Amino acid sequence: MTSQNSSEVRVRFAPSPTGYLHVGGARTALYNYLFAKKNGGKFILRIEDTDEARSTEESLRGVVDDLAWLGLKWDEGVDPVTLKDFGPYGPYRQSERLEIYKKYAEQLLKDGKAYYCFLTDAEIEKQREENKAAGNFHVNSPYQDWSLDKALEHIKAGNSAVVRFKTKGLQKDYILHDLVRGEVKFPSDMVGDFVLLRSGGMPVYNFCCVVDDYLMKMTHIFRAEEHLPNTLRQLMIYQGLGWAAPQFGHISLILDEDRQKLSKRKGAVACGILKQEGYLNSAVLNYIALLGWSHPEEKEILSVDEMIKAFDISRLNPSGAIFDRVKFKWMNSMHLRALPNTELWQAIQPYLAKENMQLPQDPTWQDKSLNLFKPYMEILADAVELYRPLDDKSYAILPEADETLKWEPTKAVLTAWSDLVKAHPGDYMSEEEFLKYQDEVKNKTGAKGKNLFMPIRVAVIGKPHGAELKILVPLLKKSSLVARAEQALSKT
RNA sequence: GUUCCCAUCGUCUAGGGGCCUAGGACACCUCCCUUUCACGGAGGAUACAGGGGUUCAAAUCCCCUUGGGAACGCCA
């Protein structure tokens with residue numbers, strides 16, 4: 001099989017660099033990626049930056065970084081490092097393809113499928129007001145029947161115009177065989193004469209999208225449901241240009257807790273934030289994949305490779321899904337547990353460093369501690385509170401320990417414990433040794449139950465509740481244990 | 001308002017005419033483990049939006065209603 005044969009599957013993700021990448025966009029990218037990989041096709045990253053006012057290079061950088069962090073590698077598009085084009089169908093930034101769009105707009109103009117429109121904003125607004133009651137928001141341009149020559153004269157005379165697609169005289173209904181939704185029938189008067197080229201000559205989304213998808217030889221378009229009405233417009237453009245349309249699949253929306261579309265305004269879940277909060281890319285991918293798609297055997301914890309293997313568009317769910325942070329967190333904890341300790345240790349370093357925590361450099365110690373803490377970690381940031389008891393600088397007797405310190409047997413328990421620790425021969429004590437000392441304290445003082453346990457815990461972590469002592473104590477150096485015991489004792 | 005899309009536990013979902021007294025997962029509740037918290041284990045409660053058809057048989061097919069969502073830009 002050659003890599004460029006005509007039946008090759010080609011799909012794309014086409015973000016606009018006007019903000020960050022949110023989970024909705026990430027999922028669209030993921031489904032396209034999975035579909036490409038599953039079918040041995042190509043996954044292309046195209047940049048839709050025709051909104052000059054809002055597109056920024058920083059935003060492009062951010063979106064590309066997030067995509068790269070997720071691990072969704074693209075075969076053509078902009079380079080993840082240099083942001084320069086690569087691939088045979090470039091440029092891949094729409095702002096660099098203006099001449100191309102202009103050419104096809106002129107073709108539509110010449111063929112009478114589009115026209116120059118001189119309506120002003122105020123006039124359009126007035127039309128809207130008048131038609132509102134009838135539920136018709138479409139513009140009705142008096143210029144639609146002007147000849148091209150006449151319009152050109154008018155422009156030469158200094159009038160500015162947009163190019164609109166002419167919907168009058170089109171077929172009554174358009175039928176879309178949607179890969180996710182089945183047959184969708186659009187009445188062609190569902191849309192009005194929409195803009196192709198802005199007054200400055202800058203093309204608009206629906207137009208660029210068609211020209212690019214065609215020229216870049218896209219075979220399938222998977223995008224969010226909100227684009228359904230756009231698809232009608234695009235179908236019209238394909239027809240006007242005499243091109244065959246690709247296959248479309250409109251996937252469901254990701255909703256917030258209020259069942260509304262996740263919107264950036266309302267603080268949509270940004271991939272970058274998720275990364276910061278300590279979620280693993282594999283967990284993000286896994287969770288969003290399952291929002292609208294299911295594994296044939298209902299497996300839930302999946303690697304990307306497993307997803308590729310099982311991916312089948314017939315399992316794409318047409319209804320919207322709420323992003324549930326609780327389940328997402330659980331899923332992250334599962335991915336955390338699957339991570340090898342050496343990688344996990346690296347991953348938590350930024351979080352520990354931010355708190356200035358200093359932990360032993362010994363890999364064996366690190367491995368051991370991780371084995372113990374891993375089951376309690378849901379996100380990477382949890383490592384901070386888990387490891388804090390092991391950091392000498394962070395040790396402090398907390399107010400919640402006050403009551404324990406006042407108990408009658410506490411002083412005796414702490415004294416006995418302190419003595420035993422001081423007499424301990426090695427740098428660290430084993431779990432067995434700790435249990436033995438604990439027993440000795442019990443025998444010596446007669447304290448038992450919480451009278452025994454809680455004072456010792458205070459002497460180890462500074463508070464009466466927390467992780468199991470037999471886990472914590474073997475991870476603490478003798479010198480630390482001694483210092484802490486003395487500090488606790490001094491408060492009795 | 002108009003058009004389009006959607007409709008199974010609180011949430012994500014399985015299901016595609018008989019296998020469904022509807023299965024799984026997260027969350028929740030109870031118990032066990034644990035001389036704390038958590039982890040782990042065992043149980044439990046909870047859903048086919050409503051109404052009409054079609055059919056011997058409907059969660060599954062059709063229609064209507066209702067509810068939710070989206071779109072109606074010189075944004076993408």
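Since this is a predicted model, take the numbers as computed values, not measurements. Atom set for the values below is all heavy atoms of this structure, side chains included, hydrogens, waters and symmetry mates excluded. Order of the sequence lines sets the chain letters (A, B, ...), proteins ahead of strands, with each chain counted from 1.
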Does some side-chain heavy atom of A:I456 sit less than 4.5 Å from a side-chain heavy atom of A:Q438?
yes
Within this structure, what is the CD-to-C1' distance between A:E125 and B:C72, rounded to whole angstrom?
14 Å
Rounded to whole Å, please give me the gap between CZ in A:F194 and P in B:C72.
13 Å
From B:A76, B:G69, B:C12, pick the nucleotide closest to the side chain of A:L291?
B:C12
So which nucleotide does B:A71 pair with, by the Watson-Crick or G-U wobble rule with both distances under 3.5 Å?
B:U2
Spacing between A:I322 atom CD1 and B:U13 atom P, to the nearest angstrom:
9 Å
Rounding to the closest angstrom, what is the interatomic distance between B:U3 and B:C9 at atom C1'?
33 Å
For nucleotides B:A22 and B:A47, find the distance between their P atoms and express it as a whole number of Å.
10 Å
For A:D193, does its backbone N or O pair with a side-chain atom of A:R164 as donor and acceptor, under 3.5 Å?
yes
According to the interplanar angle, ranging from 0 to 90°, do the rings of A:H154 and A:W146 count as parallel (below 30°), tilted (30 to 60°) or perpendicular (above 60°)?
perpendicular
So, do A:F194 and A:V162 sit near enough that their side-chain heavy atoms are less than 4.5 Å apart?
no
Minimum-distance nucleotide (side-chain atoms of A:S199 versus B:C74, B:U35, B:A76):
B:C74
To the nearest Å, give me how far apart CD (A:E226) and C1' (B:C72) are.
14 Å
I need the NZ-C1' distance between A:K470 and B:U35, as an integer number of Å.
11 Å
From C-beta outward on A:V204, which listed nucleotide comes closest to its side chain: B:A71, B:A76, B:C72?
B:A76
Let me know, please, whether A:P187 or A:H465 comes out on the 5' side of the other along RNA chain B by nearest nucleotide.
A:P187
With both distances under 3.5 angstrom, what nucleotide forms a Watson-Crick or G-U wobble pair with B:G40?
B:C32
Please figure out whether A:E378 or A:Q438 has its closest RNA chain B nucleotide nearer the 5' end.
A:E378
Using a heavy-atom cut-off of 4.0 Å across all strands, would you classify A:A467 as base, sugar-phosphate, or nothing?
base
Expressed as a whole number of Å, how far does the C1' atom of B:U30 sit from that of B:U8?
26 Å
Does any non-hydrogen side-chain atom of A:H227 lie less than 4.5 Å from one of A:F248?
no
G-U wobble or Watson-Crick pairing nucleotide for B:U60 (cut-off 3.5 Å, both distances)
none
Winner on side-chain proximity to A:H227, out of B:C26, B:C12, B:A76, is B:A76
Quick one: label A:R46 by what it contacts on the DNA or RNA (base, sugar-phosphate, nothing), any heavy atom closer than 4.0 Å.
nothing
Check the distance between B:C74's C1' and A:R54's CZ and give it to me in whole angstrom.
13 Å
With both distances under 3.5 Å as the test, what is the Watson-Crick or G-U wobble partner of B:U54?
none
P gap between B:A14 and B:A49, integer Å:
14 Å
Starting the side chain at C-beta, find the nucleotide from B:C5, B:G15, B:A27 nearest to A:V184.
B:C5
Look at all strands and tell whether A:V162 reaches a base, only sugar-phosphate, or nothing, counting heavy atoms closer than 4.0 Å.
base
Out of B:C6, B:A71, B:A38, which nucleotide sits closest to the side chain of A:E468?
B:A38
The nucleotide from B:U13, B:U3, B:A71 with an atom nearest the side chain of A:N317 is B:U13
Give me the distance, rounded to whole Å, that separates B:G51 from B:A59 when you measure between the P atoms they each carry.
12 Å
In terms of side-chain heavy atoms, does A:D212 have a donor or acceptor partner in A:Y101 at a distance below 3.5 Å?
yes
Between B:C74, B:A27, B:U13, which nucleotide gets closest to the side-chain atoms of A:R164?
B:C74
In the strands shown, is B:A7 matched to any nucleotide by a Watson-Crick or G-U wobble pair with both distances under 3.5 Å, and which?
B:U66
Return yes if a side-chain donor-acceptor contact under 3.5 Å exists between A:T28 and A:R223, otherwise no.
no
I'd like the P distance from B:C62 over to B:C5, given in whole Å.
13 Å
Any-strand Watson-Crick or G-U partner of B:G17, both distances under 3.5 Å
none
Flag side-chain contact, heavy atom, 4.5 Å: A:L215 against A:Y89
no
Give one of base, sugar-phosphate or nothing for A:N230, where a contact means two heavy atoms less than 4.0 Å apart.
base
Nearest-neighbour nucleotide for the A:D51 side chain, B:C74, B:A76, B:U11 considered
B:A76
B:G16 and B:A58, which share atom name C1', separated by this distance in whole Å:
11 Å
Using a cut-off of 4.0 Å on non-hydrogen atoms, how would the nucleic acid contact of A:E48 be classed: base, sugar-phosphate, or nothing?
sugar-phosphate
Measuring only the C1' atom in each nucleotide, how far is B:C61 from B:G18? A whole number of Å is fine.
15 Å
Is any side-chain N or O of A:K261 closer than 4.0 Å to OP1 or OP2 of B:A71?
yes
Between B:C5, B:A7, B:G24, which one does the side chain of A:E300 approach most closely?
B:G24
